[in-house]
Each structure stands twice: as structure tokens, then as C-alpha cells.
Amino acid sequence: MRILVISDIHANLAALESVIADAGEFDAAWCLGDIVGYGPDPNECLDVVRALPGLVCVLGNHDAAMIGEIDSEAFNPEARVSIEWTKETVTEENMAFMVDLPKHIAVDRVTIVHGSPRAPTFEYLLHPYTATLNFAYFETDFSFFGHTHIPTIFRLRNGYADLAVLEAPAEFALEPRLMINPGSVGQPRDRDPRAAYAIYDTAGDRWEYRRVDYDIAAVQDRMKAADLPLKHIQRLAEGW
Ligand code: ZN
């Protein structure tokens with residue numbers, strides 16, 4: 001089965017559409033959270049994600065703020081502005097979809113979370129030490145996570161997680177046990193502004209990590225028109 005793995009779309013429809021067009025045929029889509037927040041098209045992104053085949057999706061921290069599960073005070077001032085704008089913009093139907101999302105879910109050999117297996121919605125997996133502790137919090141061979149917006153892989157070797165930052169394009173077999181991040185569709189933070197995603201092929205556990213161009217300027221214009229924070233508009237062009 002060929003599975004599209006996407007994370008941190010952040011209401012960036014142009015990036016999401018480029019990813020889907022680039023991905024080719026896939027049997028299912030796994031979404032690792034943060035469909036909304038920052039970007040100008042939350043409803044359109046939610047509509048597209050909800051229509052994906054075989055969708056498995058978990059709740060991200062921005063999604064959680066949207067449904068009122070966490071206080072937007074927990075975010076920095078610019079993120080808060082974006083969250084409040086999104087709250088006013090998202091339809092009731094899309095809100096109801098987010099309310100029903102699980103925080104973590106195991107599908108066959110993979111545990112799917114937004115942040116980390118230990119604290120699924122909030123924890124950032126950036127360092128080998130944190131990652132090492134997290135291997136005790138899931139039982140499957142693999143965990144797919146997002147939240148950091150950086151394509152990374154943590155492999156458990158002799159009880160300790162080693163970290164590698166991935167460079168696109170890359171294709172390799174996943175070997176137990178590991179945690180892997182496909183990067184961010186809508187707001188990359190690894191200095192590469194192209195949309196990031198992965199294809200997970202369950203035959204041979206192949207992982208294909210890809211980057212794809214999209215019309216960043218057009219998204220920036222839409223953000224300006226919606227009066228969204230300048231910081232989030234600027235960062236898209238540079239990928240930070
Ligand atoms: Zn995010």
C-alpha cells in the first residue's frame with residue numbers, strides 16, 4: 001500500500017495541492033496534525049484533507065487551540081493572532097471534524113502522533129535525548145511525527161536514539177525501531193521553502209522523502225489580504 005504522509009499543512013492550500021499533484025497515485029493518506037494555523041486557507045485545506053482516501057489523521061497543537069482544547073495564550077503573540085483569525089474563519093462542519101480527531105493512533109506497525117509518543121500534541125522531538133525517552137512510549141516498529149517542521153529521523157541503536165536530518169530527495173527502507181518526521185507541507189523550517197512530504201510504501205517499508213515547489217508569493221498575498229502577521233508571511237519565502 002502506498003501511503004501519502006503529510007504534516008503541518010498550516011492552512012497553506014497551494015502547498016497542499018502541489019504535494020498531492022506531485023505524489024501521484026496513493027491508496028491512503030496519513031496526516032500528522034496542524035492542518036490549520038498560520039496560513040490563509042484553513043477551510044479549503046480541511047476540505048481537501050477530509051476527502052483524501054483512507055484518511056488517518058491526528059490532532060495537532062494548532063488544531064487543539066482551534067477547538068478550544070488549549071488556551072491560545074500558550075502560543076506566542078503572532079501565532080495567537082493567527083489562531084483567533086482561524087477560529088472566526090473555520091466552518092462548524094470543519095470544527096466538528098477536528099473535535100473528533102484522536103491524539104495518537106496505531107495503524108499496523110506505525111504509531112502516528114503530532115508531537116511525540118509521550119506527549120502527542122505538544123512535545124517537540126528535536127534532540128536525541130528526548131527521542132530516546134520517547135521510544136518507551138510506543139510499541140510499534142515505527143512512529144511518524146510532525147510538529148518541528150524539520151524532516152528528521154531518530155533510530156534506536158543500543159538503547160539510544162541517533163538523529164539524522166534528511167535531505168531531499170531521499171529513498172530508503174525503514175528499519176525497526178525508529179521515529180521519522182516527513183517535514184512540513186505548509187511552513188517548512190529547515191531553510192528550504194519548498195513543501196515537504198513523504199510516501200510510505202508498506203511493501204518493503206520504503207520511505208520516500210520529497211520536496212516540491214509551489215507559488216509562495218500567491219500564498220503571501222492571500223495572507224496579506226487576510227491581515228495575518230508579517231512574520232508568518234516572510235518566513236514562508238525562506239523556510240524558517
Ligand atoms: Zn505545526
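Both counts, for ligands and for their atoms, begin at 1 and track the order of listing.
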Metal check, the Zn ion (ligand 1) vs H10 N/O/S, cut-off below 2.8 Å
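Checking H10: at least one N, O or S atom is under 2.8 Å.
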Answer yes or no for H147: is there an N/O/S atom below the 2.8 Å cut-off from the Zn ion (ligand 1)?
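Within the cut-off used here (under 2.8 Å), H147 places no N, O or S atom near the Zn ion (ligand 1).
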Can you tell me which N/O/S atom of D34 has the shortest distance to the Zn ion (ligand 1)?
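Closest N, O or S atom of D34 to the Zn ion (ligand 1): OD2.
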Looking at the Zn ion (ligand 1), which N/O/S atom of D8 is the nearest one?
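Per the distance ranking, D8 contributes OD1 as its closest N/O/S atom to the Zn ion (ligand 1).
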Any ion pair linking D141 and R109 (charged N to carboxylate O, less than 4.0 Å)?
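Looking at R109 and D141, the cut-off is met.
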Do H232 and H10 have a side chain donor and acceptor closer than 3.5 Å?
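No.
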Looking at T148, N134, T130, which hits side chain to side chain donor-acceptor pair (under 3.5 Å) with S116?
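Single side chain to side chain donor-acceptor pair (under 3.5 Å) partner of S116 among T148, N134, T130: N134.
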Less than 6.0 angstrom separating the ring centers of F75 and H62, yes or no?
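Distance test on ring centres: under 6.0 Å, yes.
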